[in-house]
Amino acid sequence: MHFENHIPIYLQIIELIKKQVILGILKPGDKLESVREFAAEIKVNPNTVQKAYQEMEREGLAYSQRGIGRFIVEDESLVKQLRHDASKLIIEDFISKMTEIGYSNDEILDRLKAKLNGG
Amino acid sequence: MIRLFNYEIQRKWKTSLGILGLYFLIYFGFLLKWNKEIRSVMDNMNMSNFDMDLLIQTFGFKIIFFIILASGLFFASIIGAVNNLRLEAKQSSRDLYFSIPMTAYTKIGSKVIVSLVEVFAASFIGFVSVIKAFEFLTKFDIMKGIIDSIFAMPTDALIYMIIGNVLQSTLMILMVYLSFAIFRSFFSQAKLGWLITIGIYIGLNYLMIRFLSSILMTVGDAVKTSLSMWGLLAGFALFVGAIFFIVGFLFEKRVSFD
Amino acid sequence: MIALEVKNLNKRYMFVKALNDFSVTFEKGKIIGLLGPNGSGKTTLMRILSGLLQKTSGEIRFETKLKGKLLKQTVAYMPTESHLYPWMKVKQTINFYESFFAGFDRSKVLKAIEVLDLSPNATIKSLSTGQRGRLKVALTLARKAELYLIDEPLNGIDPISRDMILEMLASEVADDKCIVISSHLVHEFEKIVDDVIFIRKGRLELMGDAETLRNERQMSIHDLYKEVYKND
């Protein structure tokens, strides 16, 4: 796993897990790997994974059961919500980049439609 | 300390055996070679045509050769004794050795003991082999004479000599180790370390001679009674012990490996 | 839990002060990155903490009072150079460590070097720098200590071995020990450290939690490093 060094790594770990949920690799209610196992897998400091897991609990993305482990929340609408959040960032980024090179909002729509219709 | 001895043996056995092997190779090589030459001379000589000059000519150089060879073995052991600590403190492995969880007293003690064994073994082998070479070549039985005269000595004189000898050799080794200790405690990052260490060694010896001679002056009269002979030995042992303690203390608390 | 507290540590050589009023606290359960260019005092600090160098003044306090033998057992130092005996075989070196360091975990070393495909009969001298580098770290980490001081473990090592060393170090995090790693190859090892300490000309320049610093300064520790030392 490659992580950027200019963004806190624990945040990137959270993003990684969110993506896994969106793609269905991790399902709501699934058990997360133990801190050490996951840390060894993605080759980071276990403390960083611990921090990520704790932040995920705070955000309401995961919860922990003493003695058993950590789980993704069993929320059916979770996947939809995460996908929506992720798409928001992508769209905002897209629009700002297009605006930067001079497209107006209407022109952006036209370009999108044309591309999606096979242009 | 046994673990340290294991380590020392592991470190040295190959070179030690090699040097010993080389010694005996040369020793036996020349012994056998010269034996042939000598036989012809000796077989022709008896009490009637005894020729001293010829005898010395035949044997003199050869015996001296064996004495020099044995001295070489002895000096090799001295160098070994010095290098036991010198190399240990100089090579990069020192970071490993000096971080072993044992007091410096134990470590230095083990090195002193190993060095003493080396030096005494070399001395013994050298001495006995020279006598044997002489015997072999001349067919004179000297060894028996030596052993008899040793056992003729009073036991306590014998013990006194042995202890005195051990103490003296220990002191000799400790003076070298003390030089290393002082160097590493006060001059650890100076250049030309070897030069400074030799200077320290010379200085220490000078001091010791001055110190000991002034002590001997004061106890000179008391030595007349035999009780004080042992007192002198005990005092000497204490002195050697004090030097050991200083070396250990410096290595435990004062030395730096830069 | 604190592994070690350093207070006003000074180390003066003839005309140079290698460490200047240096104070820091090392906590257990963390990996701490000691960063700085060559000659900034990282090695001096480590060698003083491990007892191989004498300090000029200052205080070094462990959780429990430590002296002599106990200190040497509690602090495991791995120097940059190869400190192993070149004439020893790999198996002899492992036996050496096991016999002198109580609590040495032989199986940990064997597992680490399994990947290296090392013959136990190979001499240390015959190993490549990468193999030697990984063996050194494995041996040091297999020791049972409270403070591990790893001095520039990545220098002169090939990229694959570097990764394996970093993995080995990252997996060693535990509540009963503190691992301090010094390096100036910040880019490679910044992602495994919890805290960073920047040392400059013997002084403490900057210190903090790595993730917090990334967040606050909006840059990698590597870029922060360049910032800190840009005028040197």
Side-chain angles (χ1 to χ4, degrees), chain A residues 1-20 31-62 64-70 82 85-86 88-90 92-93 96-97 100, chain C residues 1 27-33 35 111-112 115 148 150 159-181 183 185-196 208-227:
Chain A
M1 258 306 310
H2 177 75
F3 290 102
E4 297 298 318
N5 285 327
H6 59 282
I7 306 169
I9 296 171
Y10 81 101
L11 290 178
Q12 296 174 61
I13 294 176
I14 297 175
E15 288 310 303
L16 172 67
I17 294 177
K18 281 182 178 170
K19 197 162 180 184
Q20 288 184 336
K31 185 169 186 291
L32 289 169
E33 277 182 86
S34 78
V35 170
R36 282 206 179 263
E37 267 173 17
F38 193 41
E41 199 181 292
I42 59 176
K43 308 199 185 167
V44 296
N45 186 329
N47 286 331
T48 316
V49 173
Q50 175 76 348
K51 199 164 178 177
Y53 279 8
Q54 281 171 341
E55 181 61 26
M56 278 165 56
E57 282 182 46
R58 249 181 23 89
E59 282 184 16
L61 177 55
S64 66
Q65 271 196 303
R66 291 218 73 185
I68 308 178
R70 276 194 182 85
L82 288 177
D85 291 339
K88 186 156 167 273
L89 285 170
I90 296 170
E92 278 168 4
D93 186 49
S96 83
K97 285 203 172 104
E100 209 178 294
Chain C
M1 276 229 288
E27 284 174 52
K28 288 187 184 173
K30 292 191 177 182
I31 293 183
I32 299 176
L35 310 177
K111 209 183 337 158
V115 199
Y148 295 84
I150 316 280
I160 296 179
S161 297
R162 289 211 288 264
D163 270 351
M164 311 217 74
I165 290 173
L166 289 172
E167 258 181 78
M168 233 192 294
L169 290 165
S171 66
E172 280 299 313
V173 172
D175 287 333
D176 59 351
K177 53 176 100 146
C178 174
I179 303 174
V180 182
I181 310 172
S183 183
L185 296 174
V186 192
H187 181 69
E188 304 231 10
F189 95 121
E190 67 164 282
K191 72 168 184 263
I192 67 164
V193 298
D194 293 298
D195 291 353
V196 289
D209 173 81
E211 298 278 63
T212 309
L213 284 169
R214 283 187 187 106
N215 217 355
E216 277 175 8
R217 314 262 175 145
Q218 296 280 301
M219 59 170 79
S220 65
I221 304 295
H222 173 76
D223 289 329
L224 179 56
Y225 179 98
K226 292 201 288 195
E227 271 277 311

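We name chains A, B, ... by the order of the sequence lines, and we start the count at 1 in each one.
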Contact class of [X] relative to chain A, heavy atoms under 4.5 angstrom:
X	value
Asn215(C)	both
Asp175(C)	neither
Gln218(C)	backbone

Inset, instruction - Decide if atom CD1 of Ile68(A) counts as having more than 12 heavy atoms of other residues, nucleotides or ligands within a radius under 6.0 Å. - result: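 For Ile68(A), atom CD1 is crowded (more than 12 foreign heavy atoms under 6.0 Å).
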
Inset, instruction - For atom NZ of Lys31(A), decide whether the heavy atoms of other residues, nucleotides or ligands shown that lie under 6.0 angstrom number more than 12. - result: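 Counting neighbours around NZ of Lys31(A), more than 12 heavy atoms of other residues, nucleotides or ligands fall under 6.0 Å, so yes.
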
Legend entry - Minimum side-chain heavy-atom gap Ile9(A)-Arg214(C) below 4.5 Å: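 Touching, per the 4.5 Å side-chain cut-off.
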
Legend entry - Contact listing (chain C partner; residues 33-45 of chain A; heavy atom under 4.5 Å):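 Those residues of residues 33-45 of chain A which have a heavy atom under 4.5 Å from chain C are Arg36(A), Lys43(A), Val44(A), Asn45(A).
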
Inset, instruction - With a 4.5 Å cut-off on heavy-atom pairs, point out which of Leu224(C), Thr212(C), Val173(C) contacts chain A the most. - result: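 Most heavy-atom pairs under 4.5 Å with chain A: Val173(C).
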
Inset, instruction - Starting at NZ of Lys51(A), measure out to CG of Asp194(C) and round the result to the nearest 0.5 Å. - result: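 Going from NZ on Lys51(A) over to CG on Asp194(C), the span is 8.5 Å.
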
Inset, instruction - With rounding to the nearest 0.5 Å, note down the distance linking CG in Asn47(A) to CD1 in Ile192(C). - result: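 Going from the CG atom of Asn47(A) to the CD1 atom of Ile192(C) covers 11.5 Å.
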
Legend entry - Non-neighbouring partners of Arg66(A) that pass salt bridge (Lys or Arg N to Asp or Glu O under 4.0 Å), sequence neighbours left out: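 Result, salt bridge (Lys or Arg N to Asp or Glu O under 4.0 Å) vs Arg66(A): none returned.
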
Legend entry - By salt bridge (Lys or Arg N to Asp or Glu O under 4.0 Å) - contacts of Asp93(A) (at least two apart):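 Counting only residues at least two positions away or on another chain, Asp93(A) forms a salt bridge (Lys or Arg N to Asp or Glu O under 4.0 Å) with Lys97(A).
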
Inset, instruction - Scan residues 2-14 of chain A for pairs that pass side-chain hydrogen bond (donor to acceptor under 3.5 Å, both in side chains), counting only residues two or more places apart or in two chains. - result: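 Not a single pair qualifies under side-chain hydrogen bond (donor to acceptor under 3.5 Å, both in side chains).
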
Legend entry - Taking every non-hydrogen atom, the tightest pair across Pro46(A) and Ala170(C):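 In terms of heavy atoms, the two residues are closest at CD-O, 3.2 Å.
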
